[in-house]
Amino acid sequence: MAVLLVTVIAILTGVADYRFFGKEKTVKAFAGCMARHILLVNQISFAVLKYAFKYEHFLTTEDYSLKSYFLLAAIAVIVGVLLAVLHRFFREHNGYKPENRKNFIAAKTVKILSFIIVIAGCIIFYATKFIMHEWSSVSLDQLIVNMMSPTTGTEMSIYVYAFEVPIFSASMVISFFGFLVLPFYDFSFRKGNPNEGIRKWLKILFSDKVKRCIALLLSLSMLYIGVLYVDASFDFDEMHSLLFEESDFLEKNYVDPKDANIEFPSQKRNLIYIYLESIENTYLDKELGGYMDENLMPELTELSYEGIMFSNSELKFGGPLEATGTTWSLASMVNQNLGIPMKPVKSSASYATENYFIVGATGLGDILEEQGYNQTVMVGSNAAFGGLNYLYQTHGDYLIFDYVYAKEHGYIPQDYKVWWGFEDSKLYAFAKEEITRLYNEGKPFNFTMENANTHMPDGYLPPDAPRPYESPYANAINYSQKEVAEFVKWIQQQPFYENTTVILIGDHHSMDKKFFENINPDYLRTQYYLILNPSKETMNISDGRYVNRQYANFDLFPTTLAAMGCKIEGDRLGVGTNLFSDKDTLIEEYGIDYINSEFMKKSAFYSETLCEE
């Protein structure tokens, strides 16, 4: 609505500009005048609204008042009139025609080259700035993998936010540069305006030749600044390892689950696996090992004392360390299902092809399918995002219950859309129905789900939810953990719970940079991890093995099977170690820095064996 309003005003001022100040009355001149007004009036008006009047989200107009629209209209009218006045000034003092210059081709080449260079510089600079501002912890491997993965189903606010920040800023710079540089003109500065000596120097300073030189210099400077910013933002040693160094560490330490001896108990246990979006122990108060002055997760804290937690410290609350290839949602699922890090590969087919997702690996879903389990994975978004559906279709033939499935089967209206698809309150309601259905089938079942209300930026909070904190994200965290605890309490009241193991895991560290901008960089953030109702056969290790553990997400693959009462010969699957055993994890054996360094490097075994049939 706001863009339409400004565009209408831009067209009106453009028509007035062409009618009263246009020198040439041609279709080409009219089109140029319209393009200039529509582009610049929109950009300048929203820039004034954003920066001068502090409208953080100028495209999302739900919160616009009538006063906001009047303000925007006034700004657009003023900008349009000023553009027309400037056009008249340029027309009166423009004394240059391209056909009169012998080196026109060379001059045009310099202008186009400058324009291309400034576009490249803006893209590099603003894309890097956006990534570092919003996801400062994003690694190069994650960026590359995400570029190779499907983006279908991305929450629209992510696109809007990206447009309002880096794309908008870059387009402003590029547009102004283009309108300044691409047209050919010299200022004529007619005699007597001012005196002859000054007029001569002004003609030189404002000549098209000088303008071309300045444009080339500015464009090269923009490119140089962009490259410097990338150099300062990313670890080029890491990039070198990722692109050029080879490691056989993964291959040497990989235990193929197909060849492993895994013994299931006579009565197979059900599994409910709950991925908690961006939930980490940081949200606890300092006394519990978190970083908050007040515990944002009181209900989840209370629930935690009913189960098992493997802590990286002396305290009860601790979790997995952040390892290479584990730091985003899909990677976390790959780690915990296949027992390996998620790495860049030669072809995107390994992540974006149906029934072909890291097809050479064997995972939790494959093992449970072979054992006769019914399996469902449920998310409130489109499961095609990132290739999540391909992971679960390839490894276990799960029923994919997602936003698309919910619409197709009448769970929600066809036009329903909240947050990434449907909100967590509906997710838990649908989950109760689906778990009940699975139980009534009479077979052991594996129900996996991931919530989404704590996804950045700021999370999602239902309109009627309490808001005890100033931070929107803190409110989203607090409300979400309460919903999770209530859902688990429901599970514990069901007849199947006695024979069901429930696992809750924060999928990765939160990427909401704004919420963590004042955190001490020396504070070690860890994912929340809780095992409820593990098999009693598992509970045969000393209490000392529950604390001071150094492990990562891929160790949860064999640990989950052990929690279900399975006996694993050697206590390793993939590169993961059963935490219920006396065997050290790879991180405990080699150290997290070494593991991260080796997993960052290329692996022919990963690309050619695990990702190929």
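Each residue takes its place number in the sequence, starting with 1.
Side-chain contact of T327 with E322: a donor-acceptor pair under 3.5 Å is absent, judged by distance alone. Side-chain contact check for T454 and Y473: no donor-acceptor pair (N or O, by modelled atom type) lies under 3.5 Å. Side-chain contact, N475 with E470: no donor N or O sits under 3.5 Å from an acceptor N or O.
Within the 4.5 Å cutoff, side-chain heavy atoms of N453 are placed close to those of W419. A 4.5 Å side-chain heavy-atom check between V230 and I124 finds at least one atom pair inside the cut-off. Looking only at side-chain heavy atoms (C-beta outward), L524 and L321 come within less than 4.5 Å of each other. I477 is not listed as a side-chain neighbour of Y469, based on a closest heavy-atom distance of 4.5 Å or more. Contact of the F125 side chain with the L223 side chain is not registered, since no non-hydrogen atoms from C-beta on lie closer than 4.5 Å.
The side-chain hydrogen bond (donor to acceptor under 3.5 Å, both in side chains) check on T7 picks up N42, with sequence neighbours excluded. With sequence neighbours left out, the side-chain hydrogen bond (donor to acceptor under 3.5 Å, both in side chains) criterion links T394 to no other residue. In this view, A76 and V6, I9, V41, S45 satisfy the side-chain contact (heavy atoms from CB on, under 4.5 Å) rule, not counting sequence neighbours. A search for side-chain contact (heavy atoms from CB on, under 4.5 Å) contacts involving A331 returns W328, M342, not counting sequence neighbours. Remark: S597 pairs with no residue by the side-chain hydrogen bond (donor to acceptor under 3.5 Å, both in side chains) rule, at least two apart or across chains. Under the side-chain contact (heavy atoms from CB on, under 4.5 Å) criterion, F30 pairs with V15, Y18, M34, not counting sequence neighbours. When the side-chain hydrogen bond (donor to acceptor under 3.5 Å, both in side chains) test is applied to S221, no partner is found at least two apart in sequence or on another chain. Among residues two or more places apart in sequence or in another chain, the salt bridge (Lys or Arg N to Asp or Glu O under 4.0 Å) test is passed with E280 by R525. Residues satisfying the side-chain contact (heavy atoms from CB on, under 4.5 Å) criterion with A74, sequence neighbours excluded, are absent altogether. Listed by chain and number, the residues in a salt bridge (Lys or Arg N to Asp or Glu O under 4.0 Å) with E423 are K426 (sequence neighbours excluded).
The side-chain hydrogen bond (donor to acceptor under 3.5 Å, both in side chains) analysis of residues 8-17, with sequence neighbours excluded, yields the pairs T13-H37, D17-H37, D17-H87. Judged as a salt bridge (charged side-chain N to carboxylate O under 4.0 Å, His left out), not a single pair has a partner in residues 64-82 (not counting sequence neighbours).
For F385 and W420, the distance between ring centers is under 6.0 angstrom. Taking the six-membered ring wherever Trp is involved, the centroid distance between the rings of F516 and Y291 does not fall below 6.0 Å.
In this structure a side-chain-to-backbone donor-acceptor pair under 3.5 Å is present from S219 to L216.
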After noting the C-alpha distance and the side-chain angles of S329 and D507, does the key distance pass the side-chain hydrogen bond (donor to acceptor under 3.5 Å, both in side chains) rule? CA-CA 6 Å; S329 294; D507 59 349; 2.7 Å; yes
Dump the intermediate steps for side-chain contact (heavy atoms from CB on, under 4.5 Å) on L39 and Q43, then the final yes or no. CA-CA 6 Å; L39 186 58; Q43 288 187 329; 4.0 Å; yes
Could you go through D458 and K514, starting from their C-alpha distance and side-chain angles, then the distance that decides it, and tell me whether this counts as salt bridge (charged side-chain N to carboxylate O under 4.0 Å, His left out)? CA-CA 9 Å; D458 291 337; K514 184 170 61 175; 3.5 Å; yes
Apply side-chain contact (heavy atoms from CB on, under 4.5 Å) to residues I358 and Y606 and explain how you reach the verdict. CA-CA 9 Å; I358 317 183; Y606 184 90; 3.6 Å; yes
Verdict with reasoning, F115 to I112, per side-chain contact (heavy atoms from CB on, under 4.5 Å): CA-CA 5 Å; F115 191 61; I112 294 174; 5.5 Å; no
M333/E450 under side-chain contact (heavy atoms from CB on, under 4.5 Å): CA gap, chis, key distance, verdict: CA-CA 10 Å; M333 292 180 175; E450 180 176 30; 3.1 Å; yes
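Separating the OG atom in S171 from the CD1 atom in I119 is a distance of 11.5 Å, to the nearest 0.5 Å.
The minimum heavy-atom distance linking S510 with Y283 is given by the pair CB-OH, 3.3 Å. Heavy atoms only, all atoms of each residue included: A215 and F177 are closest at O-CZ, 3.4 Å.
Counting non-hydrogen atoms of neighbouring residues, nucleotides and ligands closer than 6.0 angstrom, the OH atom of Y224 reaches no more than 12 such neighbours.
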